[in-house]
Amino acid sequence: MALRSLFSRKSLAGLSAASRTSSCLDSRALGLAGLSQSRGLKTASLPDLPYDYGALEPAISGDIMQLHHQKHHQTYVTNYNKALEQLHEATLKGDVGTVVKLQSAIKFNGGGHVNHSIFWKNLAPVREGGGEPPHGSLGWAIDTHFGSVEALIQKMNAEGAALQGSGWVWLGLDKETKKLVVDTTANQDPLVTKGATLIPLLGIDVWEHAYYLQYKNVRPDYLKNIWKVMNWKYAGEIYQQECP
Amino acid sequence: MSSCNVFAPSCHLQVFLANDSCHALYNLKAPPFMLPSPAKKQSSPFDRRRRASKAVAYFGLKPPPYQLDALEPHMSKKTVELHWGGHHRGYLENLNKALAKDDVLYSYTMDELITVTYNRGNPLPIFNNAAQVWNHDFFWESMQPGGGGIPELGLLDQIEKDFGSFTNFREKFVEAALTSFGSGWVWLVLKREEKHLAIVKTSNAFTPLIWDDIPIINLDVWEHAYYLDYKNERAKYVNAFMDHLVSWNTAMGRLARAEAFVNLGEPNIPVA
């Protein structure tokens, strides 16, 4: 679901050129000379950010956004594509041992790609509505389930701060029961690993790379400030799609 | 399972007098003639002071065995300050706070705490703090200024025996560090049952102590360990650790102590 928009409204020209170049290099490095698409393998590519790196300051610094996007997310994409190629070959050869061995790399890197693709859309500069509280049906659902937006934020921040190691804290929608849930996942596990019917509405990356350069070890400050650039509009749209 | 661990817990105990009303020090046991008569009902200041004096002992923060800027330029002073003074200290304070509320676990040694709170795979909340304190103590001691290079003597022999060559071991260790997903640690351990060295990856706070293996060195691959210096380039950090920071002297000492508990084979005594 997150992969459906690999292109954004405003693309940073240099970045998209770089990502095209890097995916070409991957193919060459794998000795396939750009044939990966024609073999039916749809590889992942780094989505562009819908805003400039510095647009989320002072909540999240431009340095972090650039590193996070250009290095971390790009690495997940690159390694996912590599693992996918290897999985494809192993599947064709019937090499079950290798197929099983590659699962953790696919889960980790693929999950990283999925999660971060959602994350960039979860954030918006203040002048584009970042931080504006949710309206409409999502706002009403939050008040019903949690009492208020503030209570939801407090709950998510508490769970995010308590998370040991690396992971994500999510506001999700159970599409069967139509209930909102707050949950956490470890490392790069996507929200579906916690429940097949869970759809992510908002996710907050609490890996240290998401905040360390700016907030050092004070994760609670990062969690407090990220709400100032939270794109509730996106969450509202997803919610309305599932609960019209 | 052997309960005595090769390593003396490196956190020393500090004794605090818990005084909720006064800050001065008092004797722990009041002499008999000072006991109040049973008939005395109203509380006097003296009663408060006597009730309040109670000794409690918590863990203390052990500093790294070198100055905070001694690992420059491979690990900056800023990183060591934040890692030791922020993260490590934070785990310790949370541990002490939790122990203050837990009558059972209070007064356990660090190793007992780790084993007991691991709870056979279902760790209690205290486990994270206790294990991370232990792991970080071990980490600071696994490094030294002017470290790196190649070990000598028995440790080198054992590495060559178990990995083929030091180069192969180094490659495997670096690979383990780079394929560690998320937060965790990489260890060189002496496996007690199998009687050989191995490279082990653990996630978050887990430590080979829970499997009763004997750690020889460890490497912190939580992002906070290297992010300020190397950003996302974990490979550079791991190589800097192997080339310039790892203390093979400490490792040799640890292996020597480990050999008191694990029989690594007969020594080669030359026949005349």
Side-chain angles (χ1 to χ4, degrees), chain A residues 61-80 82-83 101-113 115-116 161-168 184-189 193 205-222, chain B residues 76 78-95 98 117-118 123-133 135-136 175-176 178-185 201-207 220-237:
Chain A
S61 72
D63 281 345
I64 289 187
M65 289 305 292
Q66 185 168 7
L67 264 171
H68 205 170
H69 182 247
Q70 276 183 356
K71 301 283 183 200
H72 290 274
H73 192 171
Q74 179 65 70
T75 306
Y76 291 129
V77 169
T78 310
N79 290 341
Y80 169 73
K82 236 190 310 198
K101 197 177 70 149
L102 286 167
Q103 295 307 310
S104 64
I106 291 200
K107 181 181 185 192
F108 180 67
N109 292 297
H113 175 52
N115 293 340
H116 285 88
L163 196 150
Q164 287 291 327
S166 310
W168 292 73
T184 57
T185 55
N187 295 343
Q188 290 297 354
D189 297 351
T193 57
D205 190 351
V206 290
W207 279 64
E208 285 171 327
H209 65 236
Y211 60 89
Y212 208 73
L213 291 180
Q214 188 177 356
Y215 294 96
K216 307 293 188 297
N217 63 323
V218 193
R219 197 192 276 179
D221 278 357
Y222 160 70
Chain B
S76 67
K78 226 173 30 156
T79 296
V80 179
E81 268 176 345
L82 190 51
H83 198 174
W84 174 68
H87 293 269
H88 192 176
R89 190 185 295 273
Y91 288 124
L92 184 82
E93 284 172 2
N94 289 337
L95 174 65
T117 56
Y118 175 63
L124 307 174
I126 275 191
F127 173 80
N128 271 315
N129 293 312
Q132 282 294 73
V133 172
N135 294 341
H136 282 91
E175 191 197 321
L178 295 180
T179 54
S180 223
F181 293 150
S183 308
W185 299 80
K201 294 192 278 197
T202 60
S203 68
N204 291 357
F206 292 115
T207 148
D220 191 352
V221 289
W222 282 61
E223 283 176 325
H224 64 237
Y226 60 91
Y227 214 75
L228 292 181
D229 294 334
Y230 298 95
K231 309 287 189 302
N232 66 314
E233 292 174 311
R234 194 190 274 189
K236 281 209 187 131
Y237 163 66

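Within every chain, numbering begins at 1; the chains are lettered A, B, ... in the order of the sequence lines, protein sequences first and strands thereafter.
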Quick one: pull up NE2 in B:H224 and OH in A:Y211 and give me the separation to the nearest 0.5 Å.
-> 9.5 Å

How far does CG of B:L228 sit from CG of A:L213, to the nearest 0.5 angstrom?
-> 6.5 Å

Measuring from B:F181:CZ to A:S166:OG, what's the distance to the nearest 0.5 Å?
-> 12.5 Å

side-chain contact (heavy atoms from CB on, under 4.5 Å) between B:W222 and A:E208: does it pass, once the steps are laid out?
-> CA-CA 8 Å; B:W222 282 61; A:E208 285 171 327; 3.9 Å; yes

More than 12 heavy atoms of other groups within 6.0 Å of B:K201 NZ = yes

Please report the shortest heavy-atom distance between B:N204 and A:Q164, naming the atom on each side.
-> ND2-O, 3.4 Å

Roughly how far, to the nearest 0.5 Å, is OG1 of A:T75 from CD of B:E233?
-> 9.5 Å

How would you list, by chain and number, every residue that makes a ring-ring contact (aromatic ring centres under 6.0 Å, His included) with B:Y91, sequence neighbours excluded?
-> B:H136

Can the ring centroids of A:Y212 and B:H87 be said to lie less than 6.0 angstrom from one another?
-> yes

Quick one: pull up NZ in B:K231 and NE2 in A:H72 and give me the separation to the nearest 0.5 Å.
-> 10.0 Å

Does A:Y76 have any ring-ring contact (aromatic ring centres under 6.0 Å, His included) partners at least two apart in sequence or in another chain, and if so, which?
-> A:F108, A:H116

Can you establish whether the number of heavy atoms outside B:F206 located under 6.0 Å from its atom CZ is more than 12?
-> yes

Residue part contacting chain A, namely of B:N232, when any heavy atom lies under 4.5 Å | both

